[in-house]
2 protein chains.
Amino acid sequence: MEIPAKRILIADDEPDIVEIIQYNLAKEGYEIYTAKDGNEAIERAKQLNPDLIILDIMMPKKTGVEVCQYLRTQPLFQDTLIVFLTALSDETSHIKGLETGADDYVSKPISPKVLVSRVNALFRRINKEEGKTLKIGNIQIDPVKFVVIVDDSEVVLAKKEFELLYLLASKPGRVFLRNEILSQVWGTDVIVGDRTIDVHIRKVRQKLGLDCITTVKGVGYKFEL
Amino acid sequence: MEIPAKRILIADDEPDIVEIIQYNLAKEGYEIYTAKDGNEAIERAKQLNPDLIILDIMMPKKTGVEVCQYLRTQPLFQDTLIVFLTALSDETSHIKGLETGADDYVSKPISPKVLVSRVNALFRRINKEEGKTLKIGNIQIDPVKFVVIVDDSEVVLAKKEFELLYLLASKPGRVFLRNEILSQVWGTDVIVGDRTIDVHIRKVRQKLGLDCITTVKGVGYKFEL
DNA sequence: TTCCATGATTAACAATAAGTTTACACAAAA
DNA sequence: TTTTGTGTAAACTTATTGTTAATCATGGAA
């Protein structure tokens with residue numbers, strides 16, 4: 001199973017700091033994106049849907065705390081990891097940070113090693129906890145909440161529809177034979193007609209309003225972007 | 001359904017520090033236990049099975065890192081939260097701490113506020129739930145007083161109804177299967193008919209006068225907004 | 001081009017799950 | 001003992017979900 005690289009968005013107005021962080025995290029195999037101020041951070045976050053966002057508290061346009069507060073109101077970023085960068089002395093704001101829904105904070109001056117360890121630890125923790133929510137592009141599929149989020153709006157799927165989507169999306173790009181789909185979603189002992197899958201595929205496509213399920217004629221279906 | 005207070009074990013050889021931490025965390029409603037060195041920490045951890053362990057890195061007998069390493073080999077402590085206390089300058093060891101499987105670290109000198117926030121944040125993150133009143137939007141659910149408050153007015157629920165609501169509300173958004181609900185609220189050994197849950201759900205909905213329990217057909221129920 | 005195979009589409013229907021109401025047993029309170 | 005409140009069951013209704021079958025579109029092979 002391919003595991004796509006985790007994406008990290010760094011937002012800080014000091015280019016030097018950004019560069020140091022970027023360099024060190026990239027070395028660990030993360031995909032790094034950057035932003036220079038609060039507004040850009042929000043914009044890029046929506047664009048990229050990163051797995052983790054590192055926010056400097058003191059930034060032009062919007063402070064890190066404001067960015068965090070805003071993002072947390074969006075369903076898409078409910079579970080996104082957020083880490084604050086804060087001046088060591090600035091105790092108040094980092095408390096506010098944690099209250100706001102940040103997952104961690106790191107004090108300046110930043111030690112690259114510390115930051116990397118902290119980031120790794122966060123991802124490790126997340127993997128243990130949920131490990132199940134699928135994120136592909138602007139789509140999130142959460143089997144715990146039984147919810148699909150497309151571009152910030154929730155889509156309600158019926159049980160079979162959800163299971164079908166979840167199966168396909170669990171290995172994006174891979175083609176699932178009709179047989180496979182049947183036995184995975186319907187089980188081996190139930191016998192259903194040929195058109196049943198088609199109909200469900202159709203409903204999913206319709207509800208998502210996205211062309212993300214591709215037909216491979218004579219073979220099966222696959223989930224793609 | 002009783003929710004026991006979270007138990008925290010503090011291990012540090014400096015009595016002053018232990019006392020400060022103990023005082024501040026106890027004030028938050030946690031149950032605090034203490035140990036003076038590495039060996040005692042392990043011993044008491046096994047005895048108490050705490051929810052969170054705060055380990056000073058520099059301790060007699062065994063260092064915090066060693067204690068952590070040992071505990072992580074035990075299945076019982078696989079998911080126990082572990083936080084290190086470390087001297088600010090001591091960067092190496094706290095990196096080692098995170099690598100060892102700690103969930104967080106706090107630098108000395110310790111600010112009580114910071115520590116408390118951090119501990120709260122950890123528990124929130126893990127969602128082991130604070131044994132406290134649940135507040136979701138304009139609803140408050142107090143398992144101690146056995147009272148539900150909706151928009152400033154008290155709603156009286158029967159025992160099973162309350163337990164059911166509390167379970168669902170403890171993880172808003174998450175879907176609980178009928179099975180789960182049965183075993184959590186009714187227990188595994190009681191066998192009740194299929195419609196029993198429905199009836200109770202109905203009563204809760206009715207009494208709350210709010211549409212906050214969503215049905216996911218074929219799957220279960222969830223608490224939302 | 002024509003034909004055939006494979007899906008897509010749609011509406012109708014069947015199966016399933018949940019909502020509702022009523023009734024009843026049982027325990028605690030009056 | 002009577003009353004009241006709580007929890008469960010049963011019978012019935014309603015809504016949603018899943019399946020089928022009939023028909024239409026499309027692309028590739030002959």
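All chains are named by letter (A, B, ...) in the order of the sequence lines, taking the proteins before the strands, and each is independently numbered beginning at 1.
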(message) In this structure, how many angstroms lie between the P atom of C:dT16 and the NZ atom of A:Lys160, rounded?
(response) 10 Å
(request) Indicate the ring-plane relationship of B:His200 and B:Trp186, choosing parallel, tilted or perpendicular according to the 30° and 60° boundaries. (result) perpendicular
(request) Write down the distance between CD (B:Glu161) and P (D:dG5), rounded to a whole number of angstrom. (result) 13 Å
(message) Less than 4.5 Å apart, side chain to side chain, heavy atoms only: is that true for B:Leu164 and B:Ile201?
(response) yes
(request) Starting at atom CD of A:Glu163, determine the distance to atom C1' of D:dT17, rounded to an integer number of angstrom. (result) 12 Å
(message) Going by side-chain contact (heavy atoms from CB on, under 4.5 Å), B:Leu52 matches just one of B:Ile10, B:Leu9, B:Ile8. Which one?
(response) B:Ile8
(request) Find out whether A:Lys145 and A:Gln140 are in side-chain contact, i.e. whether some heavy atom of one side chain is under 4.5 Å from a heavy atom of the other. (result) no
(request) Please report, rounded to the nearest Å, how far the P atom of D:dG18 is from the CD atom of A:Gln206. (result) 15 Å
(message) For DNA chain C, which residues of residues 210-220 of chain B approach it to below 4.0 angstrom with any heavy atom?
(response) B:Thr215, B:Lys217, B:Gly218
(request) Respond yes when some side-chain nitrogen or oxygen of A:Tyr221 is under 4.0 Å from OP1 or OP2 of C:dA8, and no when none is. (result) yes
(request) Quick one: pull up CG in B:Leu25 and CD1 in B:Ile32 and give me the separation to the nearest 0.5 Å. (result) 4.5 Å
(message) Tell me whether the side-chain N/O atoms of B:Trp186 come closer than 4.0 Å to OP1 or OP2 in D:dG7.
(response) no
(message) If I take atom CG in residue B:Leu164 and atom C1' in nucleotide C:dA18, what distance separates them, rounded to the nearest angstrom?
(response) 15 Å
(message) Given 3.5 Å as the limit, does a donor-acceptor pair link the side chain of A:Arg7 with the main chain of A:Tyr33, or not?
(response) no
(message) Quick one, B:Ile139 and B:Ile149 - any side-chain contact, counting heavy atoms below 4.5 Å?
(response) no
(message) Whole angstroms only, please: what is the CZ-P distance between A:Phe162 and D:dG18?
(response) 13 Å
(message) Would you say that A:Ile82 contacts A:Arg72 through its side chain, given a criterion of any heavy-atom pair below 4.5 Å between the two side chains?
(response) yes
(message) Tell me the interatomic distance from A:Lys159, atom NZ, to C:dA15, atom C1', rounded to whole angstroms.
(response) 13 Å
(message) Determine whether a donor-acceptor pair (N or O, by modelled atom type, separation under 3.5 Å) exists between the side chain of A:Arg205 and the backbone of A:Cys212.
(response) no
(message) Counting only side-chain nitrogens and oxygens, does B:Arg205 get under 4.0 Å of the OP1 or OP2 atom of C:dG19?
(response) yes
(request) Strictly below 4.0 Å, heavy-atom distances to any atom of DNA chain C: list the hits from residues 192-204 of chain B, or just say none. (result) B:Arg195, B:Asp198, B:Val199, B:Arg202
(message) Need to verify one output field. Residue with the more 5' nearest nucleotide on DNA chain D, A:Ile191 or A:Val156?
(response) A:Val156
